[in-house]
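Excluded from the calculations below are hydrogen atoms, water molecules and symmetry mates; all remaining heavy atoms, backbone and side chain alike, are included.
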Amino acid sequence: AYDENADIFRTTTKVGTGFSDLDLEKISKTLDDYKIPMKSTRVDARVEAEVWFEPKMVIEIIASEITLSPIYSAGLGLIREGAGFALRFPKFTGKIRDDKAPEDSTTVQELLEIYLKQVRQLKKEN
């Protein structure tokens, strides 16, 4: 998620489903050009990765809901101290968003708004 106030990207999930073999091949080839030896200064991640990339590609992910997690940095501390937003059951939709720059991706503020709407809806149902 893009944090427009800090001009950095914050983490929300790991995704491993929804990819076809063709998707994985295309994404892998594209990301090869953006591989870097260490985490970008524009990325706030609480998890370590085997490989880091410059934030250049936007892919579309769907999820069943937004939850709170101590693992991810997007929205860290906005709802509960030590917890950020996490996407539950994330899945790649098959769309690589060549029409969007990384800074056009979902923002931390948008995640907060979606999370709060979700909580209000759950309260209504109970």
Side-chain angles (χ1 to χ4, degrees):
Y2 181 60
D3 183 337
E4 48 200 351
N5 294 327
D7 188 32
I8 62 173
F9 298 92
R10 301 195 190 272
T11 57
T12 60
T13 195
K14 288 190 242 181
V15 62
T17 58
F19 297 96
S20 69
D21 289 343
L22 188 61
D23 292 330
L24 291 173
E25 186 177 328
K26 181 178 181 181
I27 290 169
S28 180
K29 283 181 182 178
T30 302
L31 287 177
D32 272 344
D33 293 337
Y34 304 120
K35 198 178 286 189
I36 54 177
M38 60 181 47
K39 180 176 62 170
S40 168
T41 57
R42 293 193 69 208
V43 173
D44 176 23
R46 302 181 91 188
V47 294
E48 284 302 314
E50 289 183 33
V51 180
W52 291 101
F53 304 95
E54 282 292 334
K56 297 286 184 184
M57 177 184 273
V58 177
I59 62 172
E60 192 173 272
I61 303 295
I62 58 172
S64 63
E65 66 180 318
I66 299 173
T67 61
L68 298 179
S69 169
I71 298 171
Y72 299 110
S73 61
L76 188 64
L78 289 179
I79 301 295
R80 182 175 40 199
E81 189 173 330
F85 298 122
L87 302 182
R88 187 165 187 226
F89 304 124
K91 182 179 177 182
F92 176 56
T93 66
K95 294 181 185 175
I96 298 173
R97 299 298 304 266
D98 296 327
D99 60 321
K100 289 186 176 264
E103 292 81 5
D104 297 325
S105 60
T106 302
T107 66
V108 171
Q109 183 61 38
E110 289 170 327
L111 284 175
L112 173 62
E113 291 167 12
I114 294 166
Y115 178 82
L116 292 174
K117 285 180 188 174
Q118 174 185 282
V119 168
R120 282 193 295 271
Q121 183 63 34
L122 286 172
K123 286 181 181 177
K124 266 189 200 177
E125 292 172 3
N126 290 331

* Distance from Thr30 atom OG1 to Glu25 atom CD, nearest 0.5 Å? -> 10.5 Å
* So, the side chain of Glu65 versus the backbone of Gln118: is there a donor-acceptor pair under 3.5 Å, distance only? -> no
* Structure fact -> residues 25-60 vs ring-ring contact (aromatic ring centres under 6.0 Å, His included), sequence neighbours excluded, gives none
* To do: List for me each residue that meets side chain to side chain contact (heavy atoms under 4.5 Å, CB included) alongside Thr17, sequence neighbours excluded, and say none if there are none.
  => Lys91
* Asked: So, are Lys29 and Asp32 salt-bridged, with charged N and O less than 4.0 Å apart?
  -> no
* Drop me the distance from Arg42's CZ to Phe9's CZ, to the nearest 0.5 angstrom. => 4.5 Å
* Would you check if the side chain of Ser73 reaches a backbone N or O of Thr11 as a donor-acceptor pair within less than 3.5 Å? => yes
* Do the charged groups of Glu60 and Lys100 touch, with an N to O distance under 4.0 Å? -> no
* To do: Grab the two heavy atoms, one from Phe19 and one from Ile27, that are nearest each other, plus how far apart they are.
  => CE2-CD1, 3.7 Å
* To do: Assess whether side-chain contact (heavy atoms from CB on, under 4.5 Å) is satisfied between Val58 and Asp104, documenting all intermediate values.
  => CA-CA 9 Å; Val58 177; Asp104 297 325; over 6 Å; no
* Structure fact -> When rounded to the nearest 0.5 Å, the distance separating CD1 of Ile96 from OG1 of Thr93 is 9.5 Å
* Asked: Tyr115: what forms a ring pair (Phe, Tyr, Trp, His ring centres under 6.0 Å) with it, not counting sequence neighbours?
  -> Phe85
* To do: Specify the closest pair of heavy atoms between Leu111 and Ala1, including all atoms of both residues, with the distance to one decimal.
  => CD1-CB, 3.6 Å
* **Verdict with supporting geometry, Arg46 and Leu76, side-chain contact (heavy atoms from CB on, under 4.5 Å)** => CA-CA 10 Å; Arg46 302 181 91 188; Leu76 188 64; 3.2 Å; yes
* To do: Give a yes or no on whether Val43 and Val51 share a hydrophobic cluster (residues Ile, Leu, Val, Met, Phe, Trp, Tyr; joining criterion: side-chain heavy atoms under 4.5 Å apart).
  => no
* Does a salt bridge link Glu113 with Lys117, judged by any charged N lying under 4.0 Å from a carboxylate O? -> no
* Asked: Which is it for Phe92 and Ile61 under the side-chain contact (heavy atoms from CB on, under 4.5 Å) test, yes or no, and what are the steps along the way?
  -> CA-CA 5 Å; Phe92 176 56; Ile61 303 295; 4.3 Å; yes
* Lys39, NZ: over 12 other non-hydrogen atoms inside 6.0 angstrom -> yes
* **Side-chain heavy-atom pair Glu4, Glu110 within 4.5 angstrom cut-off** => no
* Using the side-chain contact (heavy atoms from CB on, under 4.5 Å) rule, take Leu116 and Ile79 through it: C-alpha gap first, then chi angles, then the decisive distance, then the call. => CA-CA 9 Å; Leu116 292 174; Ile79 301 295; 4.0 Å; yes
